2 protein chains.
Amino acid sequence: MAEILVVDDDPTVREVVVAYLQQAGHETTEAVDGPGAMAAAESSPDLVVLDVMLPGFDGLEVCRRLRATQPDVPIVMLSALGEEEDRIAGLGFGADDYLGKPFSPRELVLRVASLLRRSQPASVGTQTVLTDGDLVLDRSARSVTRAGTALTLTAREFDLLAFLLAHPDEPFSREQLLSEVWGWEFGDLTTVTVHVRRLREKVELEPSQPVRLVTVWGVGYRWDPS
Amino acid sequence: MAEILVVDDDPTVREVVVAYLQQAGHETTEAVDGPGAMAAAESSPDLVVLDVMLPGFDGLEVCRRLRATQPDVPIVMLSALGEEEDRIAGLGFGADDYLGKPFSPRELVLRVASLLRRSQPASVGTQTVLTDGDLVLDRSARSVTRAGTALTLTAREFDLLAFLLAHPDEPFSREQLLSEVWGWEFGDLTTVTVHVRRLREKVELEPSQPVRLVTVWGVGYRWDPS
DNA sequence: GATCCGCCTTACGTAGTCCTTACGGATCGC
DNA sequence: GCGATCCGTAAGGACTACGTAAGGCGGATC
């Protein structure tokens, strides 16, 4: 789901937080102090869970420094105090959410999910409308029209077509497509084959003799613009 | 982007809020109490961020008085309590959104952006009345007619229909609808499903085979104009 | 032209998604 | 305080889309 950096000097807290986040489907990396957190943040995690009290320099400082290099990464602060001033201070330093200890790990997971959902559209900065000849694909509306008439694509078919249209003339192996479109790192390559076949059925005039979604022998598939 | 009036007696809160809003490209003016807020509102800001607890007279009163002179300006209320009763009270007095302290400044910025986005078409054109074919929806009167005859929608059904009519041809996930229409960040997605079903019962000629409020498989729901 | 390997095609079981209905709690009006 | 209405949750069932397998076709290589 997402890669999350958990920063806390207390091994027990780390353990619990990591366990819950992993159960929610996230990948986690850990750090125990300020310098460690900055080093771990090099790998640009999708979200940071940050304790206020830390050895080295504290969480507020980490927060401030993080904002300098990665202004968009969501940060959730944890504090043993749970006082109002700490909250305001934390939020003032650029944190996106705040939880006072003791906190419910379930609540943490929920807030993390909420923040991730919000930060997602900001990171998607790609073109919303892709065209090729009489074909028009709208990513936000998730609609495709051919010569003005709407095509009904399934979710996977749409994602596949959107990816190919975004990278015309470039051949992709089944492995690459499985990774880019499906988000899998391994899996049955036949899956791609079948979906390409189904997509051709809807996009090509003569599916058995494709002219747009062509196969590159020994390599994979490629989108040929008209 | 927009001119925003920030009303809070706590300098720290004002500072943080103003900093975030300005970073988001907004211009800001500030006020520290009820009378000051009314005076500052003379310049007709595009949006007001309003604390509930204020010297002079409180935020609720400001909200009420503002509504008399500027019924359309979006108002976001802040409360140190974050209690349900306050929320109800605030919204009852005419606030458009509500945030309990401590709040995430980023969330505030997001909600401000959301409200501005919503209020924009209202100020540009007469977006209070939405139509589609024989369907007419009046936001101010909260009434809906189909082919001249009135439909009796519940509050939620109306909000759902209004949102969908305002964004035709664009599919929304259950999560998005829950966020936009219900104002929840998490919750049972079945809620959306059931309300869609109920709305179809009143809006579709053949509820089992919808042609206007259609489901987009693997994505969510979409309004298809006739 | 024979053989091999990659690709195509079809069919089918399943998991995931959505629909439907029913029920209990909450809210509002009387 | 009582009934009606609305709302949210739960459970069961139906259907779609998906992924896998298996057999056939067609280039590629020698």
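Chain naming here is simple, since letters A, B, ... match the order of the sequence lines and numbering starts at 1 in each. Here the structure is a predicted model, which means the values were calculated and not measured.
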Is any side-chain nitrogen or oxygen of [X] closer than 4.0 Å to OP1 or OP2 of [N]?
{"X": "B/Thr154", "N": "D/dT5", "answer": "no"}
{"X": "A/Arg197", "N": "C/dT9", "answer": "yes"}
{"X": "A/Arg174", "N": "C/dG6", "answer": "no"}
{"X": "A/Thr191", "N": "D/dT20", "answer": "yes"}

What is the distance from [atom1] of [X] to [atom2] of [N], rounded to the nearest Å?
{"X": "B/Trp182", "N": "D/dC6", "atom1": "CH2", "atom2": "P", "result": "15 Å"}
{"X": "A/Leu153", "N": "D/dA17", "atom1": "CG", "atom2": "P", "result": "11 Å"}
{"X": "A/Glu204", "N": "C/dC8", "atom1": "CD", "atom2": "P", "result": "12 Å"}
{"X": "A/Glu201", "N": "C/dA11", "atom1": "CD", "atom2": "P", "result": "12 Å"}
{"X": "A/Arg198", "N": "C/dT9", "atom1": "CZ", "atom2": "C1'", "result": "11 Å"}
{"X": "B/Asp188", "N": "C/dC19", "atom1": "CG", "atom2": "C1'", "result": "14 Å"}
{"X": "B/His195", "N": "D/dC7", "atom1": "NE2", "atom2": "P", "result": "6 Å"}
{"X": "A/Lys202", "N": "D/dA17", "atom1": "NZ", "atom2": "P", "result": "7 Å"}

Name each donor-acceptor pair under 3.5 Å that joins a side chain in residues 161-171 of chain B to protein atoms two or more places apart or in another chain, with its distance.
| unit_1 | atom_1 | unit_2 | atom_2 | d |
| --- | --- | --- | --- | --- |
| B/His167 | ND1 | B/Phe163 | O | 2.9 |

| task | Return yes when atom CD of A/Glu15 has more than 12 non-hydrogen atoms of other residues, nucleotides or ligands closer than 6.0 Å, and no otherwise. | result |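 Open: at most 12 neighbouring heavy atoms sit under 6.0 Å from CD of A/Glu15.
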
| request: Could you work out which one of D/dT20, C/dC19, D/dA10 sits closest to the side chain of B/Val194? | output: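 Taking heavy atoms from C-beta onward, the closest nucleotide is D/dA10.
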
| Among the nucleotides D/dA10, D/dC7, D/dG19, which one has an atom lying closest to any side-chain atom of B/Glu157? |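 Minimum distance to the B/Glu157 side chain belongs to D/dC7.
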
| said: Heavy-atom nearest nucleotide on DNA chain D for B/Gly187 versus B/Thr152: which residue maps closer to 5'? | reply: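 Its nearest nucleotide being more 5', the pick is B/Thr152.
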
| Presence of salt bridge, A/Arg146 and A/Asp132, under 4.0 angstrom |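 Salt bridge: no.
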
| task | Inspect the contact between A/Arg139 and A/Asp159 and indicate whether a charged nitrogen and a carboxylate oxygen are less than 4.0 angstrom apart. | result |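 No, A/Asp159 and A/Arg139 are not salt-bridged.
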
| task | Residues of residues 207-226 of chain A with any non-hydrogen atom less than 4.0 angstrom from an atom of DNA chain C: list those, numerically ordered, please. | result |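 Contacting residues: A/Ser208, A/Thr215, A/Trp217, A/Gly218, A/Tyr221.
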
| query | Do B/Leu177 and B/Leu160 have side-chain heavy atoms sitting under 4.5 Å apart? | reply |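 The answer is yes; the side chains approach within 4.5 Å.
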
| field | Close side-chain approach of B/Leu213 and B/Tyr221, heavy atoms under 4.5 Å | value |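 Yes, side chains in contact.
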
| field | Verdict with reasoning, A/Val129 to A/Val136, per side chain to side chain contact (heavy atoms under 4.5 Å, CB included) | value | CA-CA 7 Å; A/Val129 176; A/Val136 179; 4.1 Å; yes

